[in-house]
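In the text below, chain A, chain B and the rest are named by the order of the sequence lines, each starting its count at 1.
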Amino acid sequence: MTTRSLLQELRARFAEALNAVAGDSTPVDPQVRASGDPKFGDYQCNAAMALAGRLKRKPRDVAQAIVDAVEVADLAEPLEIAGPGFINIRLKPESLSGRLGRIAPVGEGGVNPNRPELTDRFGIPPVADGDRLRVILDYSSPNVAKQMHVGHLRSTIIGDVFARSLEFAGHDVIRQNHVGDWGTAMGMVILGLWYRETRRRRGETDDVLRRRLVDLQSARESGVDERRALLQPIATDWAADLSDANAAVEPVRLEQLELGYQFVQTLTTVAEKTGVQAPGPDGDIELADIPRLVTQMLQTGGEGNEFERALWEAARAASIGYCQELYDRLGVLLRPEDVRGESFYHARLPRVVDDLRTALTGEGRTAPDGAKAVFREDQGAACVFVYEPDGKPRYANPDGEALPLIVQKSDGAFLYATTDLAALRYRVSELHGQRLIYVTDPRQQLHFKMFFDVGRAMGWAAPTTRLEHVTFGSVLGENRRPLKTREGGVITLARLLDEAESRAFELLHERQRAAESEEEGAAIPRFDEVEMREVARRIGIASIKYADLCRDRNSDYVFSWDKMLAFQGNTAPYMLYAYARIRSIYRRAADEFPDAQPYAADVTIQLDHPTERALALRLARLPETLESIVDELTPHTLCAYLFDLAADFMRFYEACSVLKAPDAASRASRLRLCDLTARGLRLGLSLLGIPVIERM
RNA sequence: GCGCCCGUAGCUCAGCUGGAUAGAGCAGCGGACUUCUAAUCCGCAGGUCGCAGGUUCGAAUCCUGCCGGGCGCGCCA
């Protein structure tokens with residue numbers, strides 16, 4: 001038998017009663033929800049008012065009819081009708097404690113500290129087999145050319161919560177890290193790496209390259225002649241180096257990629273309007289045109305050029321290795337085997353365009369929602385236009401003309417729309433995805449709408465395939481502009497994490513000092529340097545992640561160290577502290593009452609004190625909270641729940657002593673509540689990608 | 001010009017897809033440590049939900065129009 005959540009149970013029972021009252025088989029929304037105010041009960045059913053209109057009866061009469069028809073006597077106190085026809089539901093304490101009592105203790109093997117949700121389900125069953133979906137989750141997706149910065153943070157940690165939550169719910173999640181390893185930026189990296197490598201073979205160190213970069217940077221504002229004089233020797237050497245095709249490339253590090261990338265990028269800027277040329281694969285090319293050169297270089301696939309291939313692989317390996325370090329540090333689930341970047345689809349792109357051309361030329365095809373996709377060449381580019389059923393373009397440019405999804409540029413190169421379509425086909429037909437989730441910034445929204453339309457029109461996504469573009473707001477500085485360093489540069493992720501950890505360490509250190517200076521000394525754990533570093537590391541990372549997750553993901557959020565590291569309010573430290581307090585009680589109870597068995601069969605969960613009842617009700621609502629996160633992909637609702645849970649526990653903690661409980665039965669009951677709370681916090685935080693701390 | 005997102009307490013944010021007297025946390029004021037970690041808890045104060053209409057038993061929520069802010073709109077991703 002599947003255990004329903006409290007909310008599901010009440011909904012089901014009221015739905016049945018409503019159908020009886022309504023007298024027909026039209027399903028009626030039972031409108032059961034948690035009450036906003038405790039004086040209106042724990043849950044309420046608001047369906048009477050709406051139904052009254054339909055039945056042309058008085059709302060309160062309808063409410064009475066529902067009350068008479070519904071069978072909830074085993075769960076709730078006698079129902080009350082209030083106001084215009086609200087039905088207030090107050091749960092019986094024994095039904096609450098019974099429900100919690102059915103949550104089995106953690107099994108023999110104990111809890112896996114890294115993935116507690118895999119070993120302690122808190123009595124929550126996975127979805128039924130028939131509801132299980134294969135979910136393809138596309139998140140993080142950094143561009144391998146550059147260091148990861150705060151912009152990548154949100155996609156990575158929000159996506160990670162989806163991965164964990166959907167997996168916990170019982171779905172079959174396949175992570176796809178769609179890294180940018182084949183675009184112009186990657187080409188620039190390869191070219192930079194090529195330059196560095198060939199110079200290195202002539203005995204030049206990175207320092208020489210770095211100095212040359214500085215020279216170029218300072219020449220950006222100079223006159224054409226001056227810049228030409230600077231560039232000409234580089235171009236001449238370049239020509240000499242081109243003959244070197246030794247494919248052996250040593251492993252490189254990210255800094256070297258960045259150096260090469262910056263060099264090529266600066267070179268391109270400085271070469272603006274100088275006309276300085278260097279040899280390319282198909283004859284001379286202007287240095288200023290390098291971006292086009294590298295794109296072409298990649299379009300031809302680097303095939304037949306082992307050196308280029310080796311450079312690409314070295315660059316890719318360095319980037320992915322570097323990203324993996326950050327993923328490990330952040331504690332996200334992504335692994336190297338989840339990487340399926342743009343390059344993976346490269347060989348499939350011509351067929352995508354061919355198939356679009358074949359299927360959509362002329363009349364085109366119509367998607368289930370009526371959108372018509374038509375293939376047409378326009379200004380030399382291969383395009384797909386999307387039209388409404390009435391023939392109007394669904395997307396328009398500022399001049400009001402139809403806006404195409406371009407799948408092949410006039411120079412023959414493919415674009416990210418092409419890659420995304422190829423990935424869509426792959427994910428549906430080869431990975432058998434039924435729900436495809438893309439976690440990216442909202443600027444790409446138009447692109448996603450267009451390529452979803454085309455994918456549906458082509459039938460590459462079935463009508464039942466869910467395609468979801470999940471967006472998130474930007475991270476702002478205190479000045480309300482996108483977060484930057486004081487100098488205006490991007491903040492690298494590594495630096496951000498460093499600062500979080502060192503700030504957390506300072507706070508811990510401060511607290512320890514304060515405790516030592518007090519006469520009796522607060523009862524806080526004493527840490528040595530190594531332990532404190534580790535606790536600070538966990539708090540720091542947790543704070544960054546939690547701050548990111550606790551707001552509605554679509555709104556921009558203002559980044560504030562003080563707020564995310566605060567020990568009050570809806571923050572990671574508050575939650576972690578609540579957990580640590582509970583664990584502390586547990587350790588002491590084990591010492592003082594070694595015989596106490598909170599999960600023994602004869603233990604009844606007693607809900608005499610209001611704070612005990614409130615805590616129990618909150619615990620009973622964990623399952624329904626997790627349901628909503630799976631449907632709506634809203635981590636902040638889980639954060640809000642955990643904050644309420646922690647706060648309810650704190651109140652209980654202040655009011656009901658566990659170790660000094662009046663008797664053994666009460667103590668066992670309270671210990672049980674403590675442990676359930678700890679498990680709920682641990683499970684919830686774990687789904688947010690945040691590991692708990694036993695002592696802090 | 002078109003499209004999307006946002007506007008709620010001094011600040012940072014919730015508000016469960018139309019429900020009851022709009023809620024938290026900071027900051028402010030006042031309380032609580034002989035008591036399981038005071039990184040806590042309790043109380044007070046704080047609001048024209050951007051503005052104006054509309055839909056209805058009922059609107060912060062849905063519709064329309066303004067005002068203010070952000071983003072996007074053909075060969076970058």
Side-chain angles (χ1 to χ4, degrees), chain A residues 7 31 33-37 39-40 44 46 49-50 52-53 59 82-86 88 141 143 180 183-185 291 295 342 378-383 395-411 413 415-417 419-420 440-447 449 471 473-474 480 507-508 511 515 522-525 550-552 554-558 560 562-563 566-571 573-574 576-578 580-582 584-589 592 624-625 628 632 634 636-637 639-640 643-644 647 650-651 653-661 670 674 695-696:
Chain A
L7 186 60
Q31 297 205 49
R33 56 208 56 184
S35 295
D37 190 325
K39 77 168 178 245
F40 299 132
Q44 57 183 247
N46 300 337
M49 286 82 82
F86 297 104
N88 294 334
S141 306
N143 197 316
T184 306
T295 329
E342 294 172 346
D378 196 85
Q379 299 167 34
C383 304
Y395 308 101
N397 67 15
D399 299 327
E401 297 156 357
L403 182 73
L405 184 73
I406 300 179
V407 291
Q408 191 169 20
K409 291 162 52 170
S410 48
D411 66 2
L415 294 102
Y416 78 138
T419 309
D420 278 337
T440 85
D441 71 78
R443 292 191 300 256
Q444 302 188 41
Q445 197 189 57
L446 181 61
H447 162 73
K449 278 187 176 166
T471 59
S474 13
R480 291 242 156 220
L507 288 166
L508 280 175
R511 182 181 179 227
I524 63 167
C550 73
R551 274 88 157 201
D552 180 284
N554 267 320
S555 53
D556 295 346
Y557 89 88
V558 178
S560 160
D562 291 341
K563 287 196 171 112
F567 298 106
Q568 310 87 342
N570 193 1
T571 65
Y574 180 84
L576 293 171
Y577 175 61
R581 266 182 141 178
I582 301 173
S584 172
I585 294 174
Y586 236 70
R587 281 189 300 270
R588 294 187 64 148
E592 294 178 32
E624 67 200 43
T625 306
S628 73
E632 292 158 51
T634 48
H636 82 281
T637 56
C639 293
F643 176 58
D644 289 336
M650 295 286 199
R651 288 183 199 111
Y653 178 92
E654 300 280 334
C656 304
S657 178
V658 176
L659 299 180
K660 296 197 169 90
R670 288 175 182 178
C674 283
R695 300 191 311 144
M696 67 182 277

Show me the protein contacts with nucleotides 4-8 of chain B, counting only N or O atoms at under 3.5 Å.
from	atom 1	to	atom 2	distance (Å)
rC4(B)	O2'	Gln445(A)	OE1	3.1
rC4(B)	O2'	Gln445(A)	NE2	3.2

With 3.5 Å as the limit, what N/O pairs link the protein to nucleotides 42-46 of chain B?
from	atom 1	to	atom 2	distance (Å)
rC42(B)	OP1	Arg651(A)	NE	2.5

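Residues satisfying the ring pair (Phe, Tyr, Trp, His ring centres under 6.0 Å) criterion with Tyr653(A), sequence neighbours excluded, are Phe649(A). Every ring pair (Phe, Tyr, Trp, His ring centres under 6.0 Å) that Tyr574(A) has, sequence neighbours left out, goes to Phe643(A). Here Tyr557(A) pairs with nothing under the side chain to side chain donor-acceptor pair (under 3.5 Å) rule; sequence neighbours left out.
Counting only Watson-Crick and G-U wobble pairs whose two key distances fall under 3.5 Å, RNA chain B forms stems of three or more stacked pairs at B:1-5 with B:69-73, B:10-13 with B:23-26, B:28-32 with B:40-44, B:50-54 with B:62-66.
An OP1 or OP2 oxygen of rU35(B) is reached within less than 4.0 angstrom by no side-chain nitrogen or oxygen of Ser657(A). At rC41(B), one or more side-chain N or O atoms of Tyr574(A) fall inside 4.0 Å of OP1 or OP2 (strictly under the cut-off). OP1 or OP2 of rA77(B) has not a single side-chain nitrogen or oxygen of Arg443(A) nearer than 4.0 Å. Here Arg587(A) does not reach the OP1 or OP2 of rC36(B): none of its side-chain N or O atoms lies under 4.0 Å away.
Residue Asn46(A) contributes atom CG, which lies 12 Å from atom P of rG18(B) at whole-angstrom precision. Atoms CD (Gln568(A)) and C1' (rU12(B)) sit 14 Å apart, rounded to a whole Å. Regarding Gln31(A), its CD atom lies at a distance of 8 Å from the C1' atom of rG18(B), rounded to whole Å.
Spacing between rA60(B) and rU48(B) at atom P, rounded to whole Å, works out to 14 Å. Between rG3(B) and rC49(B), the distance separating the two C1' atoms is 26 Å to the nearest Å. Taking atom P in both rA45(B) and rG25(B), the straight-line distance is 15 Å, to the nearest Å. The same atom, P, is picked in rC2(B) and in rU64(B); the two are 14 Å apart, to the nearest Å. Spacing between rA9(B) and rG72(B) at atom P, rounded to whole Å, works out to 28 Å. rG28(B) and rG65(B) have their C1' atoms separated by 40 Å, given to the nearest Å. Atom P of rA22(B) sits at a distance of 16 Å from the matching atom of rC44(B), rounded to the whole Å. One P atom belongs to rA27(B), the other to rC41(B), and the distance between them is 13 Å to the nearest Å.
By the 5.5 angstrom centroid cut-off and the 30-degree plane limit, Phe86(A) is classified as not stacked against the base of rG19(B). Residue side chain Phe40(A) meets the stacking definition with respect to rA20(B): its ring centre sits within less than 5.5 angstrom of the base's six-membered ring centre, and the planes differ by less than 30 degrees.
Among rU35(B), rU37(B), rA77(B), the nucleotide with an atom closest to any side-chain atom of Arg581(A) is rU37(B). In the set rU37(B), rC36(B), rG19(B), the nucleotide with an atom closest to the side chain of Val658(A) is rC36(B). Side-chain proximity of Glu654(A) to the nucleotides rC36(B), rU40(B), rG19(B) is greatest for rU40(B). With rC13(B), rU21(B), rC73(B) as the candidates, the nucleotide lying closest to the side chain of Tyr557(A) is rC13(B). Residue Asn397(A) places its side chain closer to rG74(B) than to any other of rG74(B), rC73(B), rU12(B). The listed nucleotides are rC76(B), rC41(B), rG74(B); the one nearest the side chain of Leu415(A) is rC76(B).
For the pair Ala402(A) and Pro404(A), the tightest heavy-atom approach, listed with the atom from each and the gap, is O-CD, 3.7 Å. Closest approach of Thr634(A) and Thr637(A) over heavy atoms only: O-OG1, 2.7 Å. Nearest heavy-atom pair across Ile585(A) and Cys674(A) is CD1-SG, 4.3 Å.
Pro442(A) comes within 4.0 angstrom of no nucleic acid atom, judged by non-hydrogen atoms across all strands. In this structure, His636(A) reaches the sugar-phosphate backbone alone: every heavy-atom distance under 4.0 Å involves primed, P, OP1 or OP2 atoms, never a base. Here Glu592(A) lies out of heavy-atom contact (under 4.0 Å) with every strand. Residue-level contact check: Pro573(A) touches neither bases nor backbone, having no heavy atom under 4.0 Å from any strand. Using a 4.0 Å heavy-atom cutoff across all strands shown, Asn570(A) reaches no nucleic acid atom at all. Residue Asp378(A) is classed as a base contact, given a heavy-atom separation below 4.0 Å to a base. Across all strands, Ile406(A) comes closer than 4.0 Å to base atoms (heavy-atom distances). Nucleic acid contact class of Cys656(A) (heavy atoms, under 4.0 Å, all strands): base. Residue Asn88(A) is classed as a base contact, given a heavy-atom separation below 4.0 Å to a base. Within the 4.0 angstrom heavy-atom criterion, only backbone atoms of the sugar-phosphate kind lie near Asp552(A); the bases stay farther away. Using a 4.0 Å heavy-atom distance criterion, Glu342(A) is classed as a sugar-phosphate-only contact. Here Ala82(A) lies in heavy-atom contact (under 4.0 Å) with a base. As judged by a 4.0 angstrom heavy-atom cut-off over every strand, Ala381(A) is placed among the base-contacting residues. If you check every strand for non-hydrogen atoms under 4.0 Å, Tyr653(A) touches a base.
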Thr440(A) and Gln445(A): side-chain contact (heavy atoms from CB on, under 4.5 Å), yes or no, with the steps?
CA-CA 9 Å; Thr440(A) 85; Gln445(A) 197 189 57; over 6 Å; no
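Closest-nucleotide positions on RNA chain B for Ala417(A) and Gln44(A) were compared, and the one nearer the 5' end corresponds to Gln44(A). Remark on RNA chain B: of its neighbouring residues Ile585(A) and Val558(A), the 5'-side contact belongs to Val558(A), judged by nearest-heavy-atom nucleotide.
No N or O donor and acceptor, one from the side chain of Asp562(A) and one from the base of rA27(B), sit under 3.5 Å apart.
There is a side-chain donor-acceptor pair under 3.5 Å between Thr471(A) and Asn554(A).
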